[in-house]
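Counting convention: from 1, in listed order, for ligands and their atoms alike. When reading the values below, keep in mind they use all heavy atoms of this one structure, side chains included, and skip hydrogens, waters and symmetry mates.
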Amino acid sequence: MADKKTDDHNTDGNVVLDERVKTKKPSLYRVLMLNDDYTPMEFVVMVLQRYFGHNSESAQRIMLHVHQRGVGVCGVFTYEIAETKAAQVMNFARQNEHPLQLQLEKE
Ligand code: TYC
C-alpha cells in the first residue's frame, strides 16, 4: 500500500519521518433517481442535463431507464457533492410541485 509507510532509519540511525502519510481516497456515492407517476419526462431530462451534466441523449436514456426499471444512476460523486446535488434537485422539483425523489448509495 503506497500510503501506509510509517518510518525508517537513515545510515546514522536517525528516524526519518515519511511525509507521505494519511492520504485516503474519498468514498464515492451514487446519486439514484427514483421513478414516480407524476414528474413529467421532460422535467427529468432537464434535471439530468442541468444538474448532472448529461447531454440530451444520455439524459433521455437515463430517464427512460428510471421510468421502465424504477431506479437509475444520475452520477457518482464524493459525499458532499452527491448530497448537495440530490438536495438541489429535490428543492427544484418541489418548487415546481413535482414529487421527484433522489437517494444516495455508497459505492
Ligand atoms: N414516470 C414518469 C412519467 O411517466 C417519468 C419519470 C421518469 C418520473 C423518471 C420520474 O425519475 C423519474 N411521467
statement: So for L34 against ligand 1, with non-hydrogen atoms under 4.0 Å, the contacting part is backbone
- prompt: Among all protein non-hydrogen atoms, which one is nearest to atom 6 (C) of ligand 1, and what is the separation to 0.1 Å?
  reply: N35 OD1, 3.4 Å
field: Nearest non-hydrogen protein atom, atom 4 (O) of ligand 1
entry: H67 CE1, 3.1 Å
- prompt: Which atoms form the tightest heavy-atom contact between F77 and A82, and what is the distance?
  reply: CB-N, 3.8 Å
field: Residue Q68 excluded, over 12 heavy atoms near CD under 6.0 Å
entry: yes
statement: If we number the atoms of ligand 1 from 1 as shown, the ones under 4.0 Å from a heavy atom of M33 are 11 (O)
query: Counting from 1, what ligand 1 atoms have a heavy atom of V66 closer than 4.0 Å?
result: 9 (C), 11 (O), 12 (C)
query: Of the non-hydrogen atoms in A59 and Q49, which two are nearest, and what is the gap between them?
result: CB-CG, 3.7 Å
- prompt: Near E107 CD, under 6.0 Å, is it more than 12 heavy atoms from other residues, nucleotides or ligands?
  reply: yes
- prompt: Quick one: which ligand 1 atoms are inside 4.0 Å of a heavy atom on T39?
  reply: 2 (C), 3 (C), 5 (C), 6 (C), 8 (C), 13 (N)
message: Using a 4.0 Å heavy-atom cut-off, which part of D36 comes near ligand 1: side chain, backbone, both, or neither?
response: both
Under 3.5 Å: donor-acceptor pair, side chain of R94, backbone of L100: yes
message: So for ligand 1, is Y38 a polar contact partner (N or O within less than 3.5 Å, distance only)?
response: no
- prompt: Of all heavy-atom pairs between R30 and K106, which one has the smallest distance, and what is that distance?
  reply: NH2-O, 3.7 Å
